[in-house]
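Hydrogens, waters and symmetry mates are skipped; everything else that's a heavy atom, side chains included, is used. Along the sequence shown, residues are numbered consecutively beginning with 1. Each ligand, and each atom within it, is numbered from 1 in the order the structure gives.
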Amino acid sequence: MRVTVFGAGYVGLVTGAVLAALDHQVTVIEVVKEKIVLVRQGKAPIYEHGLEAMLRRVLAANRFTITEDAGAAVESADVIFIAVGTPPLESGEADLQYVRQAALAIGAGLRSGPAKVIVNKATVPIGSANLVEVWIEDGYGGKPPRDSYTVASNPEFLREGTAIYDTLYPDRIVLGADQPWALERLKTLYQPILDQSFQPPDEVPRPEGLTRVPLVETDRISAEMIKYAANAFLATKISFANEIANICERVGAEVTEVTRGIGLDRRIGGHFLQAGVGWGGSCFGKDLAALIYTSEQYGYRPQLLHSTVTVNRDQRHRVVTRLQEALKTIKGRRIAVWGLAFKPNTDDLRDAPALTVISELLRLGARIQVYDPVALATLRRDYPELDVVYAPSALDALDGAEALTLLTEWQEFAEVPLARVAERLARPVVVDGRNLWHPAAAAEAGIRYYGIGRS
Ligand SMILES: NC(=O)c1ccc[n+]([C@@H]2O[C@H](COP(=O)([O-])OP(=O)(O)OC[C@H]3O[C@@H](n4cnc5c(N)ncnc54)[C@H](O)[C@@H]3O)[C@@H](O)[C@H]2O)c1
């Protein structure tokens with residue numbers, strides 16, 4: 001099929017590359033010129049395992065192009081994905097200006113070519129499919145012929161860091177459409193994934209035993225709601241683990257044992273129960289805010305969702321209070337920070353807990369020495385106002401520091417022997433914001449160790 005994707009971000013670029021790898025003919029539309037230049041050279045503007053190799057293959061096979069010019073790519077497309085950003089406005093409401101721009105461009109290109117399924121892949125507020133129709137009409141300059149297009153919803157569940165894996169081997173595909181022909185077309189588009197009939201790329205092998213991916217076919221509103229409900233649930237699970245961690249600290253329980261003990265119950269499940277500095281990233285905060293906003297627009301105050309957000313906000317502060325307990329005065333002290341990204345294997349700093357912790361420590365007068373395996377460049381580029389020292393390696397960040405705080409659980413950090421950490425620090429104090437280390441191992445290395453939810 002001919003597929004056009006608006007947006008070359010985490011979702012758009014990965015979706016485009018994967019669909020091209022599945023033998024579709026893909027054009028990605030992007031407004032940022034630097035991204036276009038990079039991608040044309042087979043370089044990914046984001047850090048994603050397996051993406052560059054895949055891009056190089058589909059570029060060489062002439063199945064993938066990227067351009068600024070929407071015109072021809074819209075006209076010839078069978079399926080058009082809208083995968084642009086939907087950042088939050090001050091009110092919590094999602095900012096749909098980029099979706100609107102894409103929809104206007106699609107409307108303008110509807111004059112000829114095959115009937116199109118226009119797919120909202122971006123996370124958009126409930127009811128946005130209707131809005132996209134209105135904007136398409138605006139772009140067209142009136143009502144396009146009835147059979148020329150339909151709008152469907154296909155929410156995205158990929159995780160940054162494993163985006164290619166999640167797109168090739170998803171837990172489910174959700175399709176929301178009002179027109180049966182749109183559902184049929186999208187099922188055909190995704191058939192190789194649904195029945196796992198494609199040849200897996202060497203870099204991202206198929207998990208053992210996966211032969212079929214479940215498909216959820218539903219209406220558009222329910223599909224949009226599924227995405228918000230999924231993210232709200234995952235964020236709530238982490239906030240729940242953190243609430244339990246805070247109680248554990250007070251009563252002398254060990255939260256990692258407690259969450260393992262409850263996670264083995266199949267009704268609960270062990271994923272997303274790690275206590276620590278809390279959740280972040282570009283999606284959870286924004287999607288919760290948008291769901292809360294929508295809910296309140298309809299006269300319902302979602303108390304549980306509000307608490308999920310509050311618990312998370314307080315949890316970021318918990319690392320700072322742990323450092324205060326350990327060091328007493330923070331002013332003038334050098335503190336090493338390991339990990340900036342909101343989770344390992346990504347350079348994404350959007351709403352990363354590390355940003356909150358670092359800002360708070362700077363306000364308290366600390367001098368910060370940071371290291372992250374990939375996100376240092378993003379920090380330098382996007383947060384130049386943060387007055388920190390960028391260390392060239394994890395161990396270099398420790399020099400002269402009176403404490404280390406770990407905020408992202410990169411594998412690289414787990415591999416550093418704790419004895420070396422103790423040696424390099426000016427005072428062997430560690431505040432482990434991700435419970436990466438075992439307290440007994442830290443004690444053995446002579447470290448004064450503070451975790452989250454463990455006494
Ligand atoms: N990042 C994730 O892990 C993730 C997961 C699931 C869903 N989502 C959702 O998917 C959507 C996209 O997220 P993302 O992380 O890929 O965003 P992103 O910011 O990484 O990428 C968006 C891209 O769209 C481009 N763009 C903006 N306006 C455009 C236009 N008019 N035409 C063409 N390109 C345009 C931007 O320049 C940018 O490159 C959001 O709604 C997000 O909530 C993201």
Quick one: does Lys121 get an N or O within less than 3.5 Å of an N or O on ligand 1?
-> no
Pairs under 3.5 angstrom only: tabulate donor-acceptor contacts from the side chains of residues 133-142 to other protein residues two or more places apart or in another chain.
| from | atom 1 | to | atom 2 | distance (Å) |
| --- | --- | --- | --- | --- |
| Glu133 | OE2 | Arg220 | NH1 | 2.9 |
| Glu133 | OE2 | Arg220 | NH2 | 3.4 |
| Glu137 | OE2 | Lys143 | NZ | 2.8 |
| Tyr140 | OH | Arg111 | NH1 | 3.4 |

Axial cation check for Phe342 ring with Arg350, 6.0 Å and 45° limits = no
Arg350 and ligand 1 - part of the residue with a heavy-atom distance under 4.0 Å = side chain
Considering only the protein, which heavy-atom contact is closest to atom 4 (C) of ligand 1, and what is its distance?
-> Cys283 SG, 3.5 Å
How close does the nearest protein non-hydrogen atom get to atom 18 (P) of ligand 1, and which residue and atom is it?
-> Gly9 CA, 3.9 Å
May I ask you to say whether Arg159 pairs ionically with Glu48, meaning some side-chain N is under 4.0 Å from a carboxylate O?
-> no
Under 4.0 Å between a Lys/Arg side-chain N and an Asp/Glu carboxylate O for Lys343 and Glu409?
-> no
Polar contact flag for Asp287 and ligand 1 (N/O pairs, less than 3.5 Å) = no
Protein heavy-atom partner closest to atom 42 (C) of ligand 1 - residue, atom, separation in Å = Lys286 NZ, 3.7 Å
Electrostatic pair Arg63:Asp23 at N-O distance under 4.0 angstrom = yes
When only distance counts, is Val11 in polar contact with ligand 1, meaning an N/O pair under 3.5 Å?
-> yes
Quick one: does ligand 1 sit under 4.0 Å from the side chain of Lys35, the backbone, both or neither, non-hydrogen atoms only?
-> side chain
Arg316 with Asp351: basic N within carboxylate O range, under 4.0 Å | yes
Would you please say whether a donor-acceptor pair under 3.5 Å links the side chains of Tyr47 and Asp348?
-> no
In this structure, atom 5 (C) of ligand 1 is nearest to the protein heavy atom Leu158 O, 3.4 Å
